[in-house]
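Right, one structure below, let's go through it.
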Number of protein chains: 2
Amino acid sequence: MSKTDSKNKANYHHGDLHGSLTQAASLLIQENGVDALSMRKLADVVGVSRTAPYHHFKDKNALLCAIAEEGFRLQATIINSVSDDCTKDVSEQFAEFVQSYIRFASEHPAHYDLMYGGSIWKQKQASESLQKAAYDSFKQWLNRIESLQQQGFLSADETAIRLAQVTWGTLHGLCRLANDGVYINQNDVLEMGLTAARLFMLNGAAGSQNTSCSGGIDQASSPSSA
Amino acid sequence: MSKTDSKNKANYHHGDLHGSLTQAASLLIQENGVDALSMRKLADVVGVSRTAPYHHFKDKNALLCAIAEEGFRLQATIINSVSDDCTKDVSEQFAEFVQSYIRFASEHPAHYDLMYGGSIWKQKQASESLQKAAYDSFKQWLNRIESLQQQGFLSADETAIRLAQVTWGTLHGLCRLANDGVYINQNDVLEMGLTAARLFMLNGAAGSQNTSCSGGIDQASSPSSA
DNA sequence: CTGCTTATCTTGACGGTGTCAAGTTAGATT
DNA sequence: AATCTAACTTGACACCGTCAAGATAAGCAG
């Protein structure tokens with residue numbers, strides 16, 4: 001009689017619907033893209049009724065925000081796990097950082113779409129915690145750029161913020177083109193990222209190779225301010 | 001009796017539904033974004049039944065492709081009308097080009113989304129003529145980059161194609177961030193574009209200032225090939 | 001004019017969507 | 001045991017894209 005027997009006890013109360021929802025949604029979204037996710041299908045997959053999710057997420061938008069936030073966490077762990085290597089010189093470290101950024105975008109396209117796509121940011125409202133996550137992410141990038149600039153690898157003629165905006169915008173543009181199917185070859189995109197890094201970095205920068213390796217964290221202003 | 005009396009003759013046959021549809025769709029799309037366009041509402045606005053548009057466009061996707069194509073035409077006329085000025089030096093000309101690109105994107109965000117967004121290119125199929133339009137657009141960009149490179153304003157260490165990919169990707173990334181609501185201040189984005197141009201251009205490039213001014217058209221390979 | 005063809009447009013229907021209102025269930029608390 | 005409350009379900013509504021079948025009008029052959 002019972003429809004779902006995954007637990008032999010009755011499961012009118014699911015136990016951890018919130019967690020199951022984000023998990024299943026992430027999975028569905030990764031398989032078929034953001035637009036293909038429907039609340040009804042999601043509920044069906046998890047094994048609850050159509051409107052049960054609305055008791056844990058005010059909106060479909062709220063669900064998407066939660067997943068985007070998860071994306072930022074995921075991205076941070078992936079990127080940080082790669083780039084804390086003091087044995088390599090700075091530019092190589094930066095190149096690896098660029099690569100890991102692109103790789104994250106191409107391996108988690110749906111998350112990436114949510115994190116930086118218009119579906120959340122444009123008309124819809126990003127949840128407060130999501131805004132904070134995005135802000136922190138940009139701040140990390142800014143710190144990295146500031147460090148490169150102070151070591152003489154990036155132009156001193158521009159403000160660190162502007163440099164961060166442009167360099168990140170570049171990286172983002174390449175990832176977007178790859179994710180949107182305009183650039184189809186992932187290896188090409190990786191090389192484009194490296195080329196961009198090469199072009200931005202000052203050629204004759206004779207900065208010190210291994211400085212500090214524990215970057216100080218300065219405060220940064222918002223990505224969208226002048 | 002009659003519902004619409006715009007023409008006092010009966011208008012069972014609309015006359016130019018195809019044209020009216022693209023026109024009204026462009027307008028609707030520019031007002032409320034691509035996602036807000038529905039075939040039903042569009043038909044209602046034009047004053048026909050829900051399925052009449054399907055006699056002129058196989059799909060909603062086909063309609064969107066047509067509008068995207070229109071976008072490419074629009075972009076070409078806008079950009080070309082600005083940048084054919086021989087009195088200014090090359091880098092200034094390029095800066096104006098960058099600005100006009102960004103301005104087009106921010107003044108026609110919906111068209112821009114369609115032209116380069118995932119909604120058409122990723123899962124859906126771009127119509128053949130749309131593909132050609134996009135290809136031609138990139139080819140124009142490539143020609144410009146090649147010219148800049150040959151005049152010594154851009155690095156000779158990279159292939160022209162790679163340079164074109166990276167520089168256009170940068171521009172695109174900035175426009176995307178602006179259009180998606182991540183960067184909200186348009187003036188900032190314009191300055192970012194100029195900064196990017198400055199960073200890419202070689203500092204000590206002592207190329208000739210006013211060369212030819214009627215760029216030769218070389219053939220270019222696809223944007224997505226290595 | 002009549003009859004036929006053809007392009008054009010309409011009506012009805014199907015399955016899908018997000019989400020609201022009201023009802024049901026079951027576990028926790030008193 | 002009675003009550004409270006969070007969790008969940010059912011039904012409904014207004015949308016959506018699109019297909020199948022029918023209605024309409026114009027053009028053209030005779």
Side-chain angles (χ1 to χ4, degrees), chain A residues 1-22 24-25 28-29 31-67 114 119-120 122-125 127, chain B residues 1-22 24-25 28-29 32-67 114 119-120 123-125 127:
Chain A
M1 283 300 184
S2 62
K3 201 162 57 177
T4 56
D5 284 331
S6 58
K7 296 207 165 187
N8 50 7
K9 278 293 178 190
N11 51 357
Y12 183 94
H13 285 89
H14 181 283
D16 181 24
L17 228 198
H18 188 103
S20 299
L21 283 173
T22 53
L28 284 178
I29 249 178
E31 283 173 354
N32 305 318
V34 180
D35 292 340
L37 175 72
S38 83
M39 294 298 266
R40 294 166 103 104
K41 203 142 219 157
L42 173 61
D44 202 49
V45 164
V46 174
V48 294
S49 75
R50 295 146 262 160
T51 55
Y54 286 87
H55 289 262
H56 298 272
F57 298 96
K58 167 187 164 293
D59 245 356
K60 185 181 187 180
N61 185 60
L63 211 197
L64 297 182
C65 283
I67 295 176
L114 278 178
S119 48
I120 286 183
K122 189 138 192 196
Q123 271 191 346
K124 318 240 182 181
Q125 67 271 21
S127 72
Chain B
M1 280 303 188
S2 63
K3 200 161 56 177
T4 56
D5 284 329
S6 58
K7 298 209 166 187
N8 51 7
K9 276 296 180 189
N11 52 357
Y12 184 94
H13 287 87
H14 180 283
D16 182 24
L17 229 196
H18 188 103
S20 299
L21 283 173
T22 52
L28 284 178
I29 249 177
N32 306 317
V34 181
D35 292 340
L37 175 72
S38 84
M39 294 297 265
R40 294 167 104 103
K41 202 142 222 156
L42 172 61
D44 202 50
V45 164
V46 174
V48 293
S49 75
R50 297 145 261 161
T51 56
Y54 286 87
H55 290 265
H56 299 271
F57 298 97
K58 168 187 163 292
D59 245 356
K60 185 182 188 178
N61 185 60
L63 211 197
L64 296 182
C65 282
I67 296 177
L114 278 177
S119 48
I120 286 183
Q123 270 191 347
K124 317 238 182 185
Q125 68 268 21
S127 72

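So that the names make sense, note that chain A is the first sequence line, chain B the second, and so on, each numbered from 1.
Nucleotide C:dG18 holds its C1' atom 16 Å from the CG atom of A:Asp44, rounded to whole Å. For B:Asn32 and D:dC16, the CG to C1' distance is 16 Å, given to the nearest whole Å. Residue B:Leu63 contributes atom CG, which lies 10 Å from atom P of D:dT18 at whole-angstrom precision. One atom, OH of B:Tyr54, and another, P of D:dT18, lie 4 Å apart when rounded to the nearest Å. The separation between A:Phe57 atom CZ and D:dA7 atom C1' is 14 Å, rounded to whole Å. Taking atom CG on B:Asp59 and atom P on D:dT18, their separation rounds to 5 Å, with Å as the unit.
Heavy-atom minimum distance, B:Ala24 versus B:Val45: CB-CG1, 4.4 Å. Across B:Ile67 and B:Leu114, no two heavy atoms sit closer than the pair CG2-CD1, 3.8 Å. Of all non-hydrogen atoms in B:Asp59 and B:Met39, the two that sit nearest each other are O-CE, 4.1 Å.
Judged by closest nucleotide on DNA chain C, B:Ser49 is the one of A:Thr51 and B:Ser49 placed further toward the 5' end. When each of B:His55 and B:Asn61 is assigned the nucleotide of DNA chain D bearing its nearest heavy atom, the one mapping closer to the 5' terminus is B:Asn61. Both A:Ala36 and A:Lys58 lie near DNA chain C, and the one whose nearest nucleotide falls closer to the 5' end is A:Ala36.
Without hydrogens or angle criteria, A:Ser38 side chain to A:Lys41 main chain gives a donor-acceptor distance under 3.5 Å.
Of the candidates C:dT10, D:dC8, C:dT19, the closest approach to any side-chain atom of A:His56 belongs to D:dC8. Relative to the side chain of B:Val48, the nucleotides C:dT10, D:dT9, D:dT18 differ in distance, and C:dT10 lies closest. Here the nucleotide nearest the side chain of A:Arg40, chosen from D:dC8, C:dT17, C:dT10, is C:dT17.
Taking 3.5 Å as the limit, the base of C:dG18 and the side chain of A:Arg50 contain no donor-acceptor pair of atoms between them.
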